[in-house]
Amino acid sequence: MTADILKIEHLSYSYHNLSGETAALSDLSFTVKKGEFLAIVGPSGCGKSTILSLIAGLLSPEEGGITFYGQNGRRPGIGYMLQHDHLFEWRNIWKNVTLGLEIQHKLTPENRRRVEKMLKDYGLEGFAKKKPSELSGGMRQRAALIRTLALEPEILLLDEPFSALDYQTRLTVSADIARIIRAAGKTAILITHDLSEAVSLSDRVLVLSRRPACVKAEFPIRLTLPDNSLLAARMAPEYTRYFNQIWEELSNENE
Ligand code: ADP
Ligand code: MG
């Protein structure tokens, strides 16, 4: 039995501004195991991004709590990947992927070697000196992932990171990135509105209710795969059943 790395208990959060109050989360509870790949789906505007902002510590819970169980009892390092890769056009790819290390004064020879290896492993070896605009959308997203992994986070928060990619690129890049995250043994929370992506990439899918979000249903995903290819996950015999069950849960929410 793997240990929990994150536990969210009875979490509530509302936004307050001049026009009033927007309740985003209400009594939300779930746990994430170390090394797990969790996908979260839910109606648009239900509070998904708010959950990640709370986990990242960018917002503070109004009620309830978030508990972390990192290595040696420390708060785990958290990496955040968004829909837009936020690569800086005035820095080359090397300068982009090492930006976090540079800011934190951690650009040691060892860390340089680690980042060089990632560029090589993830097919960007010859692109270190290129500008972001010279890369394809998929390569840019891989560069953004390397920049995130460079800081060695234990938990990766992925907020619809593939939404800006065209469909075909998205299929391969999402599978690539999930494979890299799994190989690195990281814990990941992926927010997506693409149910097939959720089913094919994750170990478990949480379905959220309409705003204010709470957990409506939970589906542990077990696919029989002919090989380890995440692309083949969409051909697994169980795939359609999971897809339809999740679709049904979501449709009830959207009515
Ligand atoms: P999702 O990511 O599921 O689409 P969000 O977590 O971004 O949803 O937002 C949840 C709700 O909170 C939405 O109704 C949104 O309009 C509202 N909201 C998000 N950010 C703010 C903010 N800074 N101020 C006021 N309301 C906000
Ligand atoms: Mg969002």
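Remember, it's 1-based here, ligands and their atoms both numbered in the order they're listed.
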Can you tell me the protein heavy atom closest to [atom] and the distance?
{"atom": "atom 10 (C) of ligand 1", "value": "G45 O, 3.4 Å"}
{"atom": "atom 19 (C) of ligand 1", "value": "Y15 CE1, 3.4 Å"}
{"atom": "atom 8 (O) of ligand 1", "value": "G47 N, 3.2 Å"}

| said: Please classify the N17 to ligand 1 contact at 4.0 Å (heavy-atom distances, strictly less than): side chain, backbone, both or neither. | reply: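 For N17, only side-chain atoms sit under 4.0 Å from ligand 1.
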
| said: Short of 2.8 Å from the Mg ion (ligand 2), name each protein N/O/S atom, waters not counted. | reply: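 Checking every protein N, O and S atom gives S49 OG.
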
| query | Would you call the rings of F243 and Y239 parallel, tilted or perpendicular, where under 30° means parallel and over 60° means perpendicular? | reply |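 Rings of F243 and Y239: tilted, 30 to 60°.
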
| query | Rest of the hydrophobic cluster containing W90 (Ile/Leu/Val/Met/Phe/Trp/Tyr, side-chain heavy atoms under 4.5 Å)? | reply | F88, L99, I103

| query | Charged N to carboxylate O below 4.0 Å: is that the case for K34 and D4? | reply |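 D4 and K34: not salt-bridged.
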
| field | Side-chain ion pair, D203 and R182, N-O less than 4.0 Å | value |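 Salt bridge: yes.
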
| said: Applying salt bridge (charged side-chain N to carboxylate O under 4.0 Å, His left out) to R204 and E36, what does each step give before you reach the verdict? | reply: CA-CA 8 Å; R204 183 161 54 110; E36 189 178 26; 2.8 Å; yes

| message | Counting only heavy atoms from other residues, nucleotides and ligands, does the tally under 6.0 Å from CD of Q168 exceed 12? | response |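 Incorrect, the count does not exceed 12.
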
| message | If the cut-off is 4.0 Å to any non-hydrogen atom of T50, which atoms of ligand 1 fall inside it? | response |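 The list of qualifying atoms is 5 (P), 6 (O), 9 (O), 10 (C).
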
| Between R234 and S196, a side-chain donor and acceptor under 3.5 Å | yes

| query | ligand 1 and S49, any nitrogen or oxygen pair closer than 3.5 angstrom? | reply | yes

| message | Enumerate the side-chain hydrogen bond (donor to acceptor under 3.5 Å, both in side chains) contacts for residues 147-163, please, sequence neighbours excluded, ordered by first and then second residue. | response | S49-D159, E160-S163, E160-H193

| Which residue pairs pass the side-chain hydrogen bond (donor to acceptor under 3.5 Å, both in side chains) test when at least one of the two sits in residues 122-135, sequence neighbours left out? |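 Listed by first then second residue: E89-S133.
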
| query | Would you say atom 16 (O) of ligand 1 touches the protein, meaning some protein heavy atom is under 4.0 Å from it? | reply | no

